[in-house]
Visitor: 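Structure below; questions to follow.
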Amino acid sequence: MDLGRIRTLEALPEEEAAGRIQAERDRFGKNLCVLAHLYQRKKITELADFVGDSYGLSKSAASFDGGKYIVFCGVRFMAESAAILARPEQVVLHPDPEAGCPMADMASLDEVRRSWNSLSRLSGTTVPVTYMNSTADIKAFCGERGGTICTSSNASKTFEWAFQQGKRIFFLPDEHLGRNTALKYGIDPEEIVVWDPEKTDGGEPESYEEAKVILWRGYCPVHQKFTVRDVEHVRRFYPKAQIIVHPEVPAEIVQIADAVGSTDYIRKYVAKTKPGDQIFIGTEINLVQNLASQYPDRLIQKLHRSLCLTMYQITMGRLLYTLENLETLERVVVPEEVRHFSRVALDRMLSLTAV
Ligand code: SF4
């Protein structure tokens, strides 16, 4: 990538950059499919063919009529997911290959393999389950070992399936989504334990044998920021407000919020509110701002300002640069074996539920 050229394009006034992006889109027509995650800045979502959550976007691109070039405005694991689901003739490009998800990167394949080997000493079957927000390597790891993938919408159904397969779940990489799902599923908090890859034998070796759910110690820095104090503050000054949070927030926030759900659930929840309603949302700030501008007749506010810095690395200038160099830029490539076992895990998820 020519960083000097990218800086020049990033300095363009937004409207000029938007005009040039649209001109590139017109040039490629149906051959191009631009995807934007809901946490992208508003202008990028306005220029995309599809806006949504990572899995929904990958499915849309794979079924798009055309779409030889798929440009994924999101973080790296999302572009990998699109490459896993893409048709053979489609190629996937990512405007910033350095923009990874800090949470996905908290579970490296080497660390997970080492941990899995230690856990193999436990009695009974342990079923690995990874959140969609994980690298392709980790998805494949789970697929190869009889496990599956879950999204924040279908995590409960995935738990039900996993407990039919084995004695306990090894959940990667988000501790909070894992705990929130386990509690909702009715697991005793005593039977939910954490595996910390930085500690000897995970840190709690005496608890793993009896545990029902072993949570990888990973977290989303964006959602971990929300606190009980944020909720108390809103309750005090906006007693009629509804508070909705994403399940990647810590369990103590979920317990006192009015509703909890995935990015898509939050979007649908807000769509059902009425003019004049007050809604405070505990998730990434760009989604909150985009919803606020979509529904100006209600008060839609952040629970706390929390920006995903790596999502924000995708700029209008980078998108324009990618479109201007579609034929020559490096593609997102997932090695065949990784792709195969990731598909195994994904297909298991799809057989459980329509998502
Ligand atoms: S919001 Fe959290 S989970 Fe999503 S990409 Fe950013 S760091 Fe990763």
Side-chain angles (χ1 to χ4, degrees), residues 32-41 44-45 47-64 67 69-87 90-108 130-140 142-143 149-155 172-174 177 218 220-223 246-248 262-264 266-267 283-284 286-287 290 307-315 318-319 322-323 329-335 338-339 342-343 345-346 349-350 355:
L32 173 64
C33 177
V34 177
L35 307 175
H37 189 268
L38 285 155
Y39 296 170
Q40 290 291 301
R41 50 191 99 207
I44 289 182
T45 63
L47 288 159
D49 292 286
F50 298 101
V51 181
D53 60 19
S54 62
Y55 180 62
L57 286 174
S58 298
K59 274 200 311 184
S60 302
S63 57
F64 188 67
Y69 299 104
I70 300 170
V71 175
F72 205 124
C73 300
V75 292
R76 192 175 50 238
F77 80 78
M78 297 176 179
E80 283 179 349
S81 298
I84 290 165
L85 289 173
R87 301 192 304 270
Q90 291 179 305
V91 294
V92 179
L93 295 103
H94 187 208
D96 187 352
E98 300 291 311
C101 162
M103 179 169 79
D105 293 340
M106 283 176 200
S108 75
T130 190
Y131 185 19
M132 183 61 76
N133 297 16
S134 56
T135 63
D137 282 343
I138 299 302
K139 290 184 177 84
C142 292
I149 299 172
C150 73
T151 66
S152 46
S153 322
N154 69 7
L172 300 147
D174 183 15
L177 177 69
C220 164
V222 174
H223 289 97
H246 192 279
E248 288 169 25
S262 65
T263 320
D264 200 44
I266 292 173
R267 204 160 56 142
T283 193
E284 210 273 347
N286 278 292
L287 175 60
N290 291 344
L307 172 76
C308 179
L309 289 171
T310 47
M311 283 277 188
Y312 207 63
Q313 278 175 228
I314 310 298
T315 57
R318 278 195 175 268
L319 173 56
T322 306
L323 299 184
L329 277 183
E330 205 175 309
R331 279 86 172 97
V332 177
V333 177
V334 176
V338 174
R339 183 184 155 100
S342 298
R343 284 297 307 230
L346 264 174
M349 175 182 94
L350 291 173
V355 288

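The basis for the numbers below is simple: all heavy atoms, side chains too, and nothing from hydrogens, waters or symmetry mates. Quick caveat, the model's predicted, so the values are computed rather than measured. Residues: numbered from 1 along the sequence shown.
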Visitor: Which atom pair, heavy atoms only, marks the closest approach of Thr45 to Gln40?
Guide: CG2-O, 3.8 Å

Visitor: For the backbone of Cys220 and the side chain of Glu248, can you confirm whether one donor and one acceptor N or O come within less than 3.5 Å of each other?
Guide: no

Visitor: How far apart are the closest heavy atoms of Pro102 and Thr310, and which atoms are they?
Guide: CD-OG1, 3.7 Å

Visitor: Just how far is it from atom OH of Tyr69 to atom CG of Leu323, taken to the nearest 0.5 Å?
Guide: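 Between atom OH of Tyr69 and atom CG of Leu323 there are 11.5 Å.
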
Visitor: Do the ring planes of Phe64 and Phe50 sit parallel (below 30°), tilted (30 to 60°) or perpendicular (above 60°)?
Guide: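 Ring orientation, 0 to 90° scale: perpendicular.
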
Visitor: Return yes if some donor-acceptor pair links the side-chain N/O of Arg318 with the main-chain N/O of Pro95 below 3.5 Å, else return no.
Guide: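 Judged by distance alone, yes, a pair lies under 3.5 Å.
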
Visitor: Side chain of Gln90, backbone of Gly67: donor and acceptor closer than 3.5 Å?
Guide: yes

Visitor: Okay, side chain of Arg76, backbone of Cys101: is any donor-acceptor separation there less than 3.5 Å?
Guide: no

Visitor: Work out which heavy atom in Ser342 is nearest to a heavy atom in Ile149; give both atom names and the distance.
Guide: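 Minimum heavy-atom contact is O-CD1, 4.0 Å.
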
Visitor: So, Asn290 side chain and Asn286 main chain: donor-acceptor pair closer than 3.5 Å or not?
Guide: yes

Visitor: So, do Ile266 and Leu38 sit near enough that their side-chain heavy atoms are less than 4.5 Å apart?
Guide: no

Visitor: Asp264: which residues meet the side-chain hydrogen bond (donor to acceptor under 3.5 Å, both in side chains) condition with it, sequence neighbours left out?
Guide: Arg267, Lys268

Visitor: Looking at side-chain heavy atoms only, is the closest gap between Pro173 and Ile138 below 4.5 Å?
Guide: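 No, every pair of side-chain atoms sits at 4.5 Å or beyond.
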
Visitor: Leu57 and Leu35: which non-hydrogen atoms are nearest, and at how many Å?
Guide: O-CD1, 3.7 Å

Visitor: Taking the side chain as C-beta and beyond, is there a heavy-atom pair between Tyr39 and Val75 under 4.5 Å?
Guide: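 Not touching, per the 4.5 Å side-chain cut-off.
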
Visitor: Which heavy atom of Val92 sits nearest to which heavy atom of Ala82, and what is that distance?
Guide: CG2-C, 4.0 Å

Visitor: If you measure from CE on Met103 to CG on Leu172, what distance do you get to the nearest 0.5 Å?
Guide: 10.5 Å

Visitor: State whether the side chain of Glu80 and the backbone N or O of Ala136 hold a donor-acceptor pair below 3.5 Å, judged by distance alone.
Guide: yes

Visitor: From Ser152 OG over to His223 NE2, what is the distance, rounded to the nearest 0.5 angstrom?
Guide: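 Taking OG in Ser152 and NE2 in His223, the distance rounds to 9.0 Å.
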
Visitor: Is there a donor-acceptor pair closer than 3.5 Å between any side-chain N or O of Asp49 and the backbone N or O of Val34?
Guide: yes

Visitor: Kindly give the heavy-atom pair with the smallest separation between Thr151 and Tyr131, and that separation in Å.
Guide: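 Where Thr151 meets Tyr131 most closely, the heavy atoms are C-CE1, 4.1 Å.
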
Visitor: About how many Å separate OG of Ser262 and NE2 of His246, when rounded to the nearest 0.5 Å?
Guide: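 Going from the NE2 atom of His246 to the OG atom of Ser262 covers 6.0 Å.
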
Visitor: Please check if the side chain of Lys139 supplies one atom and the backbone of Ser134 the other of a donor-acceptor pair under 3.5 Å.
Guide: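 Such a contact is found between Lys139 side chain and Ser134 backbone.
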
Visitor: Mind checking salt bridge (Lys or Arg N to Asp or Glu O under 4.0 Å) for Arg331 and listing every partner two or more places apart, or none if nothing turns up?
Guide: none

Visitor: With side chain to side chain contact (heavy atoms under 4.5 Å, CB included) as the criterion, how do Asn133 and Asp174 come out once you've worked through the C-alpha distance, each side chain's angles and the decisive distance to 0.1 Å?
Guide: CA-CA 8 Å; Asn133 297 16; Asp174 183 15; over 6 Å; no

Visitor: I need the Leu309 CG to Glu284 CD distance, nearest 0.5 Å.
Guide: 9.0 Å

Visitor: How far does CE of Met78 sit from NE2 of His37, to the nearest 0.5 angstrom?
Guide: 3.5 Å

Visitor: Please check this pair: side chain of His94 against backbone of Glu330, looking for a donor-acceptor N/O pair closer than 3.5 Å.
Guide: no

